[in-house]
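Each ligand, and each atom within it, is numbered from 1 in the order the structure gives. No experiment lies behind these values; they were computed from the predicted model shown.
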Amino acid sequence: MSLIRFDSVSKTYEEGDDIVQALDSADFEIDEGNFVAIMGPSGSGKSTMLTLLGILNTPTDGDIFIDDIAVYDLKPEKQADFRSEYLGFVFQAFQLIPYLTAMENVMLPLSITKMSNKEQEKRAKGALERVGLADKINRLPNQISGGETQRVAISRAIVNEPPILLADEPTGNLDSKNAIGVMNLLKELNDEGETIIMVTHDKKTAEYADYTIELKDGRIVSKK
Ligand SMILES: Nc1ncnc2c1ncn2[C@@H]1O[C@H](COP(=O)(O)OP(=O)(O)OP(=O)(O)O)[C@@H](O)[C@H]1O
Ligand SMILES: [Mg+2]
């Protein structure tokens with residue numbers, strides 16, 4: 001059984017008289033443990049696909065299944081629980097809270113759980129150690145480098161141990177050395193069993209994935 005399934009998923013955005021078909025009848029499955037890249041020109045629907053996958057958007061047509069559950073049939077509060085249990089997010093702009101330390105940023109996803117404060121701290125520390133930042137847990141985002149900031153963001157995304165990690169251009173703001181560091185980290189997480197779906201426009205970055213889904217004008221044009 002596949003972990004993720006898109007069943008003829010379409011998304012149109014309406015802006016006044018303008019109708020944009022951002023995704024057109026997308027069909028695909030992703031197995032547990034896969035590392036998948038999504039590529040395509042600007043405006044081809046990559047982020048739309050990722051936000052649909054992350055239950056941060058709504059399809060105009062079709063169904064999306066995660067672990068055999070039709071996620072858009074869930075009530076909003078169930079969707080929030082589902083998102084917290086299954087999905088971690090990493091974005092191009094790192095989106096750390098500037099006035100919270102690395103540790104506090106990583107603890108954020110745990111604050112909505114019933115976990116004790118002590119347990120939250122232990123987990124956050126573990127997640128920061130996992131990305132090699134044990135010595136920087138008390139730094140603010142403006143006191144660490146871009147590559148380190150993205151590693152804090154990855155640490156925050158995995159602190160809940162979600163089985164699926166979604167990444168939209170995770171190396172988009174990094175120089176090539178830091179980009180390689182972040183990609184090696186994602187590859188290690190994948191080797192440990194994490195399912196990763198990553199949007200990228202960079203062929204080198206896509207090579208870390210098992211296969212690439214290519215989009216053009218909202219349509220899947222190849223999977224290889
Ligand atoms: N909230 C929105 N409202 C209206 N149109 C949107 C919205 N989000 C995306 N679109 C449009 O849908 C299409 C696909 O956008 P999307 O963001 O998925 O592309 P993308 O492949 O991620 O592009 P990029 O590489 O530039 O990030 C584009 O034409 C875009 O303008
Ligand atoms: Mg995008």
> Quick check: does any side chain N or O of Tyr72 sit under 3.5 Å from a backbone N or O of Gly62, one acting as donor and the other as acceptor?
no

> Within ligand 1, which atoms have a heavy atom of Pro41 less than 4.0 Å away?
21 (O)

> Tell me whether the count of non-hydrogen atoms from other residues, nucleotides or ligands lying under 6.0 Å of CD in Glu119 goes above 12.
yes

> Got more than 12 heavy atoms from elsewhere within 6.0 Å of CD, Glu15?
no

> Strictly under 4.0 Å, does any heavy atom of Ser44 approach an atom of ligand 1?
yes

> Can a donor-acceptor pair be found, under 3.5 Å and without considering hydrogens, that links the side chain of Ser10 to the backbone of Ser25?
yes

> Tell me which one of Leu23, Leu215, Val20 gets a heavy atom nearest to atom 29 (O) of ligand 1.
Val20

> Quick check against the 3.5 Å criterion: does Asn160 have a side-chain atom that pairs as donor or acceptor with the backbone of Pro162?
no

> Can you tell which part of Glu15 has a heavy atom less than 4.0 Å from ligand 1: side chain, backbone, both or neither?
side chain

> Donor-acceptor check, side chain of Lys46 to backbone of Met198, threshold 3.5 angstrom: yes or no?
no

> Heavy-atom distances under 4.0 Å decide this one: backbone, side chain, both or neither, for Thr48 against ligand 1?
both

> If we ignore angles and hydrogens, is there a donor and acceptor under 3.5 Å between the side chains of Lys187 and Asn190?
yes

> Protein heavy atom under 4.0 angstrom of atom 31 (O) of ligand 1, is there one?
no

> For Ala22, take its heavy atoms, then give the atoms of ligand 1 lying under 4.0 Å from any of them.
12 (O), 13 (C), 14 (C)

> Is a side-chain donor or acceptor of Gln150 paired with a backbone partner of Thr171 at a separation under 3.5 angstrom?
no

> With a 4.5 Å cut-off on side-chain heavy atoms, are Tyr208 and Leu186 touching?
no

> Does a salt bridge link Glu188 with Arg130, judged by any charged N lying under 4.0 Å from a carboxylate O?
yes

> Enumerate the atoms of ligand 1 whose separation from the nearest heavy atom of Gly45 is less than 4.0 angstrom.
14 (C), 18 (O), 19 (O), 20 (P), 21 (O)

> Run down the list Ser47, Gly43, Gly172 and name the one with the heavy atom closest to atom 17 (O) of ligand 1.
Ser47

> With a 6.0 Å cut-off (strictly less than), is the heavy-atom count around CG of Asn184, excluding the residue itself, greater than 12?
yes

> I need the nearest protein heavy-atom contact for atom 3 (N) of ligand 1: residue, atom name and distance, please.
Tyr13 CD2, 3.6 Å

> Treating Asn34 as the side-chain partner and Thr195 as the backbone partner, does any N or O pair qualify as donor plus acceptor under 3.5 Å?
no

> Tell me the protein N, O or S atoms under 2.8 Å from the Mg ion (ligand 2), in chain and number order.
Ser47 OG

> Are Gly218 and ligand 1 in contact, using a heavy-atom cut-off of under 4.0 Å?
no

> What protein heavy atom is closest to atom 25 (O) of ligand 1, reported as residue, atom name and distance in Å?
Lys46 NZ, 2.7 Å

> For atom 26 (O) of ligand 1, what's the nearest protein heavy-atom neighbour? Residue, atom name and distance, please.
Ser42 OG, 2.6 Å

